[in-house]
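As the structure is a computational prediction, the values presented were derived from the model and not from experiment. Protein chains get the first letters and strands the later ones, always in sequence-line order, with residue 1 at the start of each.
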2 protein chains.
Amino acid sequence: MTTGRAYHHGDLRRTVLTAALDVITTEGPAALSLRDLARRAGVSHAAPAHHFGDRAGLLTAIATEGYGLLAAALGETGDLRDLGVRYVRFATSHPAHFQTMFRPELLRPDAPELLAARERTRSRLRTAVEGYGEDPAIGFMAAWSLAHGFATLLLSRNLDDPLDGRDPEEAFRALTGEMFRATGSPPRRTGR
Amino acid sequence: MTTGRAYHHGDLRRTVLTAALDVITTEGPAALSLRDLARRAGVSHAAPAHHFGDRAGLLTAIATEGYGLLAAALGETGDLRDLGVRYVRFATSHPAHFQTMFRPELLRPDAPELLAARERTRSRLRTAVEGYGEDPAIGFMAAWSLAHGFATLLLSRNLDDPLDGRDPEEAFRALTGEMFRATGSPPRRTGR
DNA sequence: AGGCAATCTAGTCACTGTCAAGATGCTGGG
DNA sequence: CCCAGCATCTTGACAGTGACTAGATTGCCT
């Protein structure tokens, strides 16, 4: 019944994933209901569990995918400021992934695919920041904190007033301009 | 039964609140169960609802209290860097409040006490940052993003590696030192 | 053609939030 | 002093949820 073919939905895994992203985008990861996702996909209430195990498994899959997408979104820029802008852009264009990635209490903490994807993305960030300040670890934390804080406040609708209609990416660019103005090595511009 | 006096627990509201803070600290706001809190307080399953209405009401109360505590924790410093350190210190010493404050999807979005407390704290931040950069709104977002990002990454256990045993507050101080080094007006030191 | 594993269904259980109706104890006005 | 009213708490019920089990269906591989 439901969609046509009774058994073997075809691509249930992907269908559930995108439905989940929809829900998370509008109502947050806490509002996720496996049964609701099953209804949306037109399958029985226990079907999603077969693909993801349980709720934490589904969210872990989303987070893992998110780290992959983030790594791709960051690209190969050598410009630190561009890197930050891309980080912010990823958060606004993939809010569900972004939110889920930073809610460890909802994930399987030791899922190997997740750990691998996260480490790959993190080392990408780390090497990109290298050579900008004196202490690489401090510089890494500084750059990440700035971009992450901006993205987080943006998604939680805490920057609406100060932005006042401005484009978030442009605001972030201005913001980094003000802060990084005279650090050790100025960012070399790459063609974006 | 349970604790001695049958009816009229005495301070159920506060008891439930602190139990909730306990749970949120270790397992996050999503793991909160009103029935579990009732059990911990030795009270019937529907008793908490009388004080908070529903789950969102409880979390809204926590967030409201959090904004008050944050305003108090920020104090009256004129030193921008100290202000950031205090922001980070608040996040680490009141993790449950901090996390709840920035999860709007779990809160009553238009609770007047919440809006008032938030606006009071936010304007405190805004005026503190005023006069540091060129564009006040940009400076406000920059300072807040940096402190908030650091605090958020810290609480989600994303900075464990780069910190490598260092004291978070000291790391944040070093971090701001590197970033703000040559902005418009250097922070004037106040006796802390 | 036949079996096998992947996929999905159906049924169940304990748990949760929320609501309604009733019980209990405090408090202040006569 | 007492009793009416009110805040507080209990009890019971209902729908929705995640998770588990056993069984049905289907595509694939040899």
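Atom CZ of Arg13(B) and atom P of dC9(D) are 12 Å apart (whole Å). Per the geometry, NE2 belonging to His50(B) stands 13 Å off P belonging to dC6(D), to the nearest Å. Between Leu12(A) atom CG and dT25(D) atom P there is a gap of 19 Å when expressed in whole angstrom units. Between the P atom of dT8(D) and the CZ atom of Phe52(B) lies a distance of 11 Å, rounded to the nearest Å. Distance CZ (Arg14(B)) to C1' (dT8(D)): 19 Å, rounded to an integer number of Å.
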Extract all donor-acceptor atom pairs below 3.5 Å that involve side chains of residues 145-157 of chain B and protein atoms in other chains or at least two apart in sequence.
from, atom 1, to, atom 2, distance (Å)
Ser145(B), OG, Met141(B), O, 2.7
His148(B), ND1, Tyr87(B), OH, 2.9
His148(B), NE2, Thr152(B), OG1, 3.4
Thr152(B), OG1, His148(B), O, 2.7
Ser156(B), OG, Thr152(B), O, 2.9
Ser156(B), OG, Leu153(B), O, 3.2
Ser156(B), OG, Asn158(B), OD1, 2.9
Arg157(B), NE, Asp160(B), OD2, 3.2
Arg157(B), NH2, Asp160(B), OD2, 3.2

May I have the list of side-chain donor-acceptor pairs in residues 97-105 of chain B shorter than 3.5 Å, sequence neighbours left out?
from, atom 1, to, atom 2, distance (Å)
His97(B), NE2, Glu65(B), OE1, 2.7
Thr100(B), OG1, Ala96(B), O, 2.7
Arg103(B), NH1, Gln99(B), O, 3.3

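Qualifying salt bridge (charged side-chain N to carboxylate O under 4.0 Å, His left out) partners for Arg166(A), counting only residues two or more places apart in sequence or in other chains: Asp135(B). The side chain to side chain contact (heavy atoms under 4.5 Å, CB included) search around Asp36(B) returns Val23(B), Ser33(B), Arg39(B), Arg40(B), not counting sequence neighbours. Annotation: salt bridge (charged side-chain N to carboxylate O under 4.0 Å, His left out) contacts of Glu27(B) (sequence neighbours excluded): none. Remark: Arg126(A) engages Glu119(A) in a side-chain hydrogen bond (donor to acceptor under 3.5 Å, both in side chains) (not counting sequence neighbours).
With the end axes of the helix from dA1(C)-dT30(D) to dG30(C)-dC1(D) each set by five pairs, the angle from one to the other reads 0° at 10° resolution.
Using a 4.5 Å heavy-atom cutoff, the side chains of Val43(B) and Val16(B) are not in contact.
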For nucleotides 13-22 of chain D, 5' to 3', base contacts (B), sugar-phosphate-only contacts (S) and non-contacts (-) with protein non-hydrogen atoms under 4.0 Å give B---SBBB--
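Among residue pairs with one or both ends in residues 50-64 of chain A, those qualifying as side chain to side chain donor-acceptor pair (under 3.5 Å) are Asp54(A)-Arg108(A); sequence neighbours excluded.
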